[in-house]
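All remarks here apply to the structure that follows.
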There are 2 protein chains.
Amino acid sequence: MTQSRPRIVPEATVARLAVYLRVLAGLADGGRSHVSSGELAAAAGVNPAGLRKDLSYLGPCGVRGVGYSVAGLQERLSAALGVERSRACVLVGMGRLGAALADYAGFASRGFEFVGLLDADPARVGDRVSGCTVRPVEELESVVAGTQASIGVITTPAEVAQSVCDRLVAAGVRSILNFAPVALSVPAGVDVRKVDLSVELQVLAFLDQQRDGGPPPVVVPVPAGAGGAR
Amino acid sequence: MTQSRPRIVPEATVARLAVYLRVLAGLADGGRSHVSSGELAAAAGVNPAGLRKDLSYLGPCGVRGVGYSVAGLQERLSAALGVERSRACVLVGMGRLGAALADYAGFASRGFEFVGLLDADPARVGDRVSGCTVRPVEELESVVAGTQASIGVITTPAEVAQSVCDRLVAAGVRSILNFAPVALSVPAGVDVRKVDLSVELQVLAFLDQQRDGGPPPVVVPVPAGAGGAR
DNA sequence: GCGACTTTGTACCTGCGTTCACAAGCGGTT
DNA sequence: AACCGCTTGTGAACGCAGGTACAAAGTCGC
């Protein structure tokens, strides 16, 4: 029974499921056949109860008193995450970041295959990266149509990200991973995930500052006190 | 009393403040002097009320009936995020991703300067990336000590990430940005942020699969049938 | 065959983040 | 000088995610 309706899986849980799947791969390589939620949670850096709750969204998949079957869980998670079948990805913007992503082994090993690499710069067109030839961005539509790509990755400058996004969506791509520092607007039914690298560093800088100088950056003259917080 | 204590700023808010700051830079370039919360929120891709609440953590910084001064807000946010003074960063693992990050213009323009690039591979030592020479990872401690780096970026393979992390912490680094697909364990007082690229793609794959299997036509087909999994 | 131990799965609770809605404040206008 | 419209700032409700604690269930030992 394909019970696709009953439980909706929170997005935060989905992200963790992917982490569990990777940890399981390591355990399988180590020859392990079973794992407890405690051990798996420790390796994934989460709370054991939270892990069990995450897995329970897929239905009962462990054995009480024993733990989880490594192989069984791998299969369950792979099916849930849709990693069973390989997914075709198109990447637009072959700068250094784009080149790094196209060549990232972590993608290929998880069923993500870059079938199209595009760039607007004629100097980059023709380069071969990770077994794929860079093509001019004008061919975006034909590449998407010809490869049935379902995922688009945007690593262009911010100025052109929206137009590239629009073209990807028009060509039929419904999942987009955006590295450009802009908020993309897309029609309903299209999913966008944004990775903003400089934001990550700025958050760290903020935490760093909060730790060092208790006094806030506000211009108000606060005499003293104001402990470090966090 | 006069001014309340430094309110604690939620981490989710901090991340958005960084986005606002970038949007403001664009507005300033465009010659704008004032913005309303609605317009700023639209550009940042968030809810206007949420934006106002975010900014309110810094104390009142707008003018009712008018909006926010672009220059004033930029200054306020820069101070709050600790972007006023430049921050020294050390990057370990000069693979393609590491090289892309070290050369990423978005970092330098926001006050993040890579003062140390390290790699374990002798073949990469000596390379010059973005005006900095790659040095052997053995010099990690001396580089951190000599440059007073406060942020460490880890782009090594997963196997060595924890040991690199331990050495960074021991050397005095208290903020770490981790791109390796492992959960790092650090002592209290050290902040770690993790960016997991393959997880992002897997979440998209999940959403993609969920979309295909559910909403489009009518209800769920086939009430009976075998082949569990899902 | 039975008891006890182990581990899962889940219900409850707590806290946070987000959204809605409204009062307060400022500028412009008459 | 007073009114009016616009926008901010904030109080309150909602929903969600995470954590704790406990009961169900299965295995192993005797």
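Chain A is the first sequence line, chain B the second, and so forth, proteins listed ahead of strands; every chain is numbered from 1. Because the structure is predicted, anything quoted here is derived from the model rather than measured.
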- Item | Flag, side chain of B:Ser36 to backbone of B:Glu39, donor-acceptor distance under 3.5 Å | yes
- Query: Does a donor on one side chain and an acceptor on the other come within less than 3.5 Å for A:Ser175 and B:Arg211?
  - Reply: yes
- Kindly say if B:Tyr57 contacts the phosphate of D:dT10, meaning a side-chain N or O under 4.0 Å from OP1 or OP2. no
- Task: Check DNA chain D against residues 23-54 of chain A and give the residues with a non-hydrogen atom under 4.0 Å, in numerical order.
- Result: A:Asn47, A:Ala49, A:Arg52, A:Lys53
- Message: Looking at A:Arg167, I want to see if its CZ is surrounded by more than 12 non-hydrogen atoms of other residues, nucleotides or ligands under 6.0 Å.
- Response: yes
- Task: Return the orientation label for the B:Phe114 and B:Phe107 ring planes: parallel under 30°, perpendicular over 60°, tilted otherwise.
- Result: tilted
- Within-4.5 Å side-chain heavy-atom neighbours: A:Leu197 and A:Val195: yes
- Item | Side chains of A:Leu51 and A:Leu55 in contact at under 4.5 Å (non-hydrogen atoms) | yes
- Query: Nearest-Å distance, CZ (A:Arg16) to P (D:dC16)?
  - Reply: 15 Å
- Calculate the interatomic distance between A:Glu11 atom CD and D:dC16 atom P; express it in whole Å. 13 Å
- Can you give one letter per nucleotide of nucleotides 23-30 of chain C, 5' to 3': B if a protein heavy atom sits under 4.0 Å from the base, S if only from the sugar-phosphate, - if neither? -BBBS---
- Item | Pairing of A:Glu11 and A:Arg193 as salt bridge, 4.0 angstrom limit | yes
- Looking only at side-chain atoms of B:Ala12, point me to the closest of D:dT8, C:dT18, C:dT8. C:dT18
- Item | Out of C:dG9, D:dG18, C:dG17, whichever nucleotide has its closest atom nearest the side chain of B:Pro10 | C:dG17
